[in-house]
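Scroll down for the structure; my scribbles are underneath it.
Each chain gets a letter, A, B and so on, in the order the sequences are listed, and its residues count up from 1.
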Protein chains: 2
Amino acid sequence: MTTATRQRSETAEQILDLAETLIQTRGYSAFSYQDIADALGIRKASIHYHFPSKADLGVAVIDRYIARFDSALNQIAADQTQSSMTMLDFYVQPYLLFAGTPDRVCLSAALAGEMLALPPQIRERVEHFFRTHQAWLTKILQRGVARGEFALQAPPPKVARMMFGALQGALLVKRATGDLSQIDDVIAVIKQQLAGPA
Amino acid sequence: MTTATRQRSETAEQILDLAETLIQTRGYSAFSYQDIADALGIRKASIHYHFPSKADLGVAVIDRYIARFDSALNQIAADQTQSSMTMLDFYVQPYLLFAGTPDRVCLSAALAGEMLALPPQIRERVEHFFRTHQAWLTKILQRGVARGEFALQAPPPKVARMMFGALQGALLVKRATGDLSQIDDVIAVIKQQLAGPA
DNA sequence: GTCTATACAAAGATAGAC
DNA sequence: GTCTATCTTTGTATAGAC
C-alpha cells in the first residue's frame, strides 16, 4: 500500500471536501483556512494540524482528485468488450455531473486559470492531469478507429485535444453564463463528429 | 463620444496593461496593487488615484478587453464579400496570438476560473463576453451554411458552443502543459469539421 | 486532535502634504 | 498626479496549553 492510499481522519476528509469545492468555485488564491474553519465549525489552527501549509492542502486535494479519475479511467478500460463510444460515454460522466451544478468546473481547469500563482507542486499536477487525459482519450479514439467504430477526419491525438479542450471550456462557459445545457450541446456535437460523415 | 472612449492618462494605460497581463497569468484574486506599483516604479496610492478600488480596475481592464474584441468582430463582419471561413480565420487571430506566448490565456477564461470570488460587476462582463462571442460565431456559421460554404452535422448554435469552448479550453491546456501547438491542432480539427464530410 | 493566543506579512484603502 | 504615512482587515503560520 502506498502513501497515497493511507487512510485519513474524518476531519481531514471533510477539510479536503470543502477545499475541493472552494477551489472549484472561487479558485486557489481566493480561498482561505478561515473559510474552511467557519464552514466546519473548527479553528484555523486545527486545519494546520492536518495540512501544515496551504500548498500541502492544495496538493492533497488535487492528488485525491486525480486518483479518483485514474480509478475511473482504469475501470472503463478494463472491460474491453464495450464499444469505444460507450467508453467515451463513461468518460464524460464526471463532466455531466459538474454540469448539473451551477458553479462547478473541473478542478484542474479552475487551477489552470491562475497557473502562475500556484505553488510548483500544484502546477505539476495540473499539467499531469491534462496530459494524462488527452493521452487516454487518444487511446480510445485509436481503438475506435481500429475497430471501425469511429471515422475521424483528423489524427486521433488532435481530435483528442479538441474534445478535451471543448469539455473543459464548456464547463467554464456553463458556469459563467448559467446555461446548464452548454455541456450537453458540446458532447452531442462531439459524438456526432466521431460517428463520421452521415 | 461615449464614456468608454474618453481618453486616459499614460499612467492609467500602463496600469491597465499590466493589470491585464497579471490577471491573465495569475488571476484576479492573486494580483495586487503592489505588483503593479513595483513593476511601474510608483506607489500603491498612485494607482488608487487612477482606479479607486480593485474592482474599478478590474472592470476597466475587462471593459477595454471587450471593446477591443467588439471592434474586431465588427470589422470582420463589415466586409460581406469575404468567405465565412475567412471570417473565422480572422476571429481566431487573437487566440493564435495568445497561443504564441507560453503564459497567456483569454482574460475571460482566467476570470471564469474564479467566478465566485469576483465582484458582481466583473462577473456580469465575463458572462457578457461569453454570450456575445458564441452569438457571433453562431451568426457566421449560419451565414456559411446559407452560402453553401459549411456543411454542419449539428445546428449552428451548438457547433458555435463547441468551437468556442474548444478555443478557450485549448488556451488553458496550452499554458498548463507548455505545448504551444495545442491551439493550432484544435483550430485545424474544427476547420476540417466545418468544411463537411470529405 | 483541538483549542487560545499571537506573530508577521500583505492586502485594500484613505488622508493629507507637495 | 504622486508621494508619505497610516489604518484596518485578512491571510498564513507557529507555540504551547488542554
Side-chain angles (χ1 to χ4, degrees), chain A residues 3 6-62 110-111 113-114 116-123, chain B residues 3 6-62 110-111 113-114 116-123:
Chain A
T3 315
R6 199 183 295 118
Q7 77 201 36
R8 262 185 281 249
S9 76
E10 180 63 23
T11 306
E13 292 290 353
Q14 288 181 306
I15 293 169
L16 285 174
D17 289 342
L18 244 159
E20 183 174 322
T21 301
L22 286 168
I23 296 174
Q24 284 180 317
T25 54
R26 308 176 46 79
Y28 178 82
S29 302
F31 95 90
S32 74
Y33 274 37
Q34 191 64 59
D35 295 331
I36 297 174
D38 291 345
L40 294 186
I42 59 178
R43 298 292 162 174
K44 286 191 290 177
S46 305
I47 305 174
H48 280 286
Y49 167 79
H50 295 282
F51 305 98
S53 77
K54 190 179 178 180
D56 291 327
L57 175 53
V59 166
V61 167
I62 191 165
L111 291 169
E114 46 184 341
L116 271 63
L118 302 176
Q121 316 102 287
I122 298 186
R123 259 190 249 185
Chain B
T3 316
R6 201 182 295 118
Q7 77 203 34
R8 261 187 281 249
S9 77
E10 180 63 22
T11 306
E13 291 290 353
Q14 288 180 306
I15 293 170
L16 286 173
D17 289 342
L18 244 160
E20 182 173 322
T21 301
L22 285 168
I23 295 174
Q24 283 180 317
T25 54
R26 308 175 46 80
Y28 178 80
S29 303
F31 97 90
S32 73
Y33 274 37
Q34 192 64 59
D35 295 331
I36 296 174
D38 290 344
L40 294 186
I42 58 178
R43 299 291 163 175
K44 285 194 292 176
S46 306
I47 305 173
H48 279 286
Y49 167 78
H50 295 283
F51 304 97
S53 77
K54 191 179 179 181
D56 292 327
L57 174 53
V59 166
V61 167
I62 192 165
L111 291 169
E114 46 184 342
L116 271 62
L118 302 176
Q121 316 102 285
I122 298 185
R123 260 190 246 185

Test ring pair (Phe, Tyr, Trp, His ring centres under 6.0 Å) applied to A:Tyr33 - qualifying residues, sequence neighbours left out: A:His48
Under a 4.0 Å heavy-atom cutoff, the residues of residues 18-35 of chain A touching DNA chain C are none
Which of residues 37-47 of chain B sit near DNA chain C, with a heavy atom under 4.0 Å from it? B:Lys44, B:Ala45
Only counting residues at least two apart or in another chain, list the ones meeting side chain to side chain contact (heavy atoms under 4.5 Å, CB included) with [X].
| X | answer |
| --- | --- |
| A:Gln14 | A:Glu10, A:Leu40 |
| B:Pro52 | B:Asp56 |
| B:Thr21 | B:Thr25, B:Arg104 |
| A:Glu13 | A:Arg8, A:Leu16, A:Arg64 |

Can you name the residues that form a side chain to side chain donor-acceptor pair (under 3.5 Å) with B:Ser46, not counting sequence neighbours? none
For A:Gln121, the side chain to side chain donor-acceptor pair (under 3.5 Å) test, sequence neighbours excluded, returns none
Select from B:Ser9 and A:Phe51 the residue whose nearest nucleotide in DNA chain D is closer to the 5' end of that strand. B:Ser9
Ignoring hydrogens and angles, tell me if any N or O in the side chain of A:Glu114 forms a donor-acceptor pair with the backbone of A:Tyr28 under 3.5 Å. yes
Between the side chain of A:Asp35 and the main-chain N/O of A:Ser32, is any donor-acceptor distance below 3.5 Å? yes
Distance under 4.0 Å to a non-hydrogen atom of chain A counts as contact; along DNA chain C, which nucleotides mark the start and end? C:dG1 to C:dT4
Residue pairs involving residues 39-55 of chain B (criterion salt bridge (Lys or Arg N to Asp or Glu O under 4.0 Å); sequence neighbours excluded): none
